[in-house]
Amino acid sequence: MRKLTRTLAAVLLCALLPVQGALAAFPDVEPGSWYEEAVAQMAGSGLLTGYPDGTFQPGRTISAAEFVAITARRAGLSPVPAQSSHWAAGYLQAALQAGWYDWDEIPPTGETFDRPIPRQLAVKILMRALLPGAPWDYTAESAKIRDFSALDGRYYQFVLGAYGAGVVTGDANGDFRPKDGLSRAEACTLILRAGRRAAGTAPAPGASPAPETPPPAQAVQAARGGVSQHGWLKVQGTQLCGEDGAPVVLRGMSTHGLQWYGQFACGQSIRNTAGAGANLFRVAMYTGEGGYLSQPGAMRRQAIAAVDAAIEQDLYVILDWHILSDGNPMDHVTEAEAFFGDMAERYQDRPNVIYEICNEPNGGASWAGDIKPYAQRLVKTIRARSPRAVILIGSSTWSQDIHLAAADPVEGENLMYTLHFYAGTHGAELRSRIDSALGQGLPVFVSEWGTSRADGSGGVFLEESALWLDFLAERGISWANWSLCDKDETSAALRPGTPPGRPWTQADLTPSGQFVFSRFAG
Ligand code: DCB
């Protein structure tokens with residue numbers, strides 16, 4: 001009976017696979033406990049949830065299905081069709097195919113899906129998923145494990161690797177207890193540690209061994225939290241920091257064009273994004289393409305509604321003057337000054353709002369002749385109303401020419417320069433441009449990137465995207481992903497037809513969306 005109830009609860013709970021994490025504290029998660037942060041991070045990024053009664057049940061043993069599903073989501077592995085109708089069968093099948101474990105360890109027929117996963121198997125799956133190829137040192141690490149001899153031989157390299165990477169530390173007695181189960185609190189802690197470790201050091205599969213320039217600054221841990229935690233942002237050196245001076249990394253979604261997909265800039269869509277762990281939202285207000293220049297009143301209202309909804313969710317929010325077909329920002333500098341003057345006044349007391357004054361200059365727009373003079377004018381306009389706000393400045397070639405800005409930056413405080421990339425088009429060359437720019441002291445913000453090619457389709461390129469995100473994480477660089485919409489293109493985070501006004505499940509997210517939502521936490 002107990003097993004049945006437990007199974008039922010898991011089905012009820014996980015069939016929904018809510019993307020929205022429980023942001024409220026769980027009554028049974030002890031404040032200040034060793035696992036509190038891990039649970040908050042994991043639940044906050046929607047990787048696992050509490051129970052319908054609001055509890056988290058940290059001491060409860062995690063099942064094989066739950067562990068594999070959570071790890072898959074964390075690693076960006078999408079479910080594939082499977083025989084079993086179990087809620088997690090698609091994840092288990094995908095994990096099996098990815099070689100995370102062998103057929104006999106969790107038979108795909110399903111009879112052990114809901115049984116506790118042995119710790120040694122959990123560690124193997126975790127290492128295969130997030131830290132493949134992690135080195136292991138038999139002599140050094142086995143000495144740390146008092147019950148090393150209890151380990152099955154097929155697991156020792158993974159367990160040693162996990163000890164070596166600091167993912168596993170053993171219990172108070174120095175035992176690993178390889179055949180015991182894992183509590184939900186322990187599972188959260190392990191997955192979080194492995195994920196962080198992967199973001200910091202793991203080479204992406206298939207990555208070229210050619211070393212990229214190491215980060216010029218010290219690596220920065222993702223500092224999560226929204227406006228209520230970090231307050232007014234300020235740029236110190238090249239790093240975005242909170243009001244208290246501690247580094248902050250913002251991660252979240254960009255809308256598609258408000259004039260086309262404004263429905264996903266509504267309260268519930270933004271709440272879903274925040275619930276998945278984002279602390280940033282970007283409101284892309286096209287100027288051309290039927291946007292602000294054609295219908296200023298309607299677009300302004302839409303942009304304000306979106307910014308207000310993001311503020312309500314405690315998010316930082318980028319107000320983006322999305323020039324694209326109108327490639328030279330100087331062409332409409334008067335309209336831009338009027339718009340940003342109005343907005344900077346409206347939001348002068350709001351630490352949430354970040355101003356992106358020109359999405360992607362292109363065509364003939366030059367840094368020295370057009371973009372820099374434009375930026376100087378807009379910085380002046382915004383500063384007169386909102387002296388503390390962070391301002392993002394684009395560059396030529398769709399905001400890829402940060403080397404030109406680095407050589408000739410705009411004068412002022414709290415200015416950052418945008419670098420936009422699409423993982424299927426842009427790679428190591430643009431990354432090294434970031435390192436050079438940082439080395440020259442230029443603060444960089446990735447206010448738009450996509451898992452697709454530069455045209456918004458093709459791919460998706462998730463391995464390349466992971467390489468990029470790891471690179472950004474190591475440097476403490478903030479990002480917004482293109483885009484939160486259901487357009488039938490690979491860069492879109494939502495499957496066609498997804499309603500904007502209800503909570504989303506994993507099934508609503510595209511492969512890109514699943515990957516990106518799993519990376520808000522780092
Ligand atoms: C940027 C734009 C953004 C555009 C994406 C993907 O453009 F800021 O607006 O989004 O990157 O191309 C796409 C949408 C499509 C839509 C199209 C036109 O995804 O649904 O139809 O905008 O509104 C870039 C970025 C980089 C490069 C070129 C473009 N590049 N571009 O490196 O060549 O030409 O749009």
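In each ligand, atom 1 is the first atom listed, and ligand 1 is the first ligand listed. Keep in mind the model is a prediction, meaning the values are calculated, not measured.
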Min heavy-atom dist [X] to ligand 1 below 4.0 Å:
X    : result
K487 : yes
H426 : yes
T425 : no

(message) To check you understand the geometry: which heavy-atom pair defines the closest contact between V249 and N279, and what is its length?
(response) O-ND2, 3.3 Å

With only distance considered, is [X] within less than 3.5 Å of ligand 1 through an N or O on each side?
X    : answer
E360 : yes
W260 : no
N359 : no
H322 : yes

(message) Using a 4.0 Å cutoff against the non-hydrogen atoms of E448, which atoms of ligand 1 qualify?
(response) 1 (C), 2 (C), 3 (C), 5 (C), 8 (F), 11 (O)

Under a 3.5 Å cutoff, is there a donor and acceptor pairing between the side chains of [X] and [Y]?
X    : Y    : answer
S325 : E289 : yes
S452 : T490 : no
S399 : E360 : no

(request) Please determine if R475 forms a cation-pi arrangement with F471, meaning its NZ or CZ atom is less than 6.0 Å from the six-membered ring centre and no more than 45° off the ring axis. (result) yes

(request) May I ask you to check whether H426 and F421 place their ring centres under 6.0 Å from each other? (result)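 Between F421 and H426, the centre distance exceeds or equals 6.0 Å.
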
(request) State yes or no: are the ring centers of H420 and W449 separated by less than 6.0 Å? (result)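 No: the rings miss the under 6.0 Å criterion.
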
(message) I need the contact type for D455 against ligand 1. Using non-hydrogen atoms and a strict under-4.0 Å cut-off, is it side chain, backbone, both or neither?
(response) backbone

(request) Select one of side chain, backbone, both or neither to describe which atoms of Q400 lie under 4.0 Å from any atom of ligand 1, heavy atoms only. (result)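 Q400 to ligand 1: side-chain contact only, backbone stays beyond 4.0 Å.
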
Donor-acceptor contact below 3.5 Å, side chain [X] vs main chain [Y]:
X    : Y    : result
D486 : G497 : yes
R282 : E448 : no
D326 : L324 : yes

So which heavy atom in the protein is nearest [atom], and how far is it from that ligand atom?
atom                    : result
atom 6 (C) of ligand 1  : A454 O, 3.1 Å
atom 5 (C) of ligand 1  : Y422 OH, 3.1 Å
atom 14 (C) of ligand 1 : H256 NE2, 3.3 Å
atom 30 (N) of ligand 1 : W398 CE3, 3.5 Å
atom 23 (O) of ligand 1 : Y286 OH, 2.8 Å

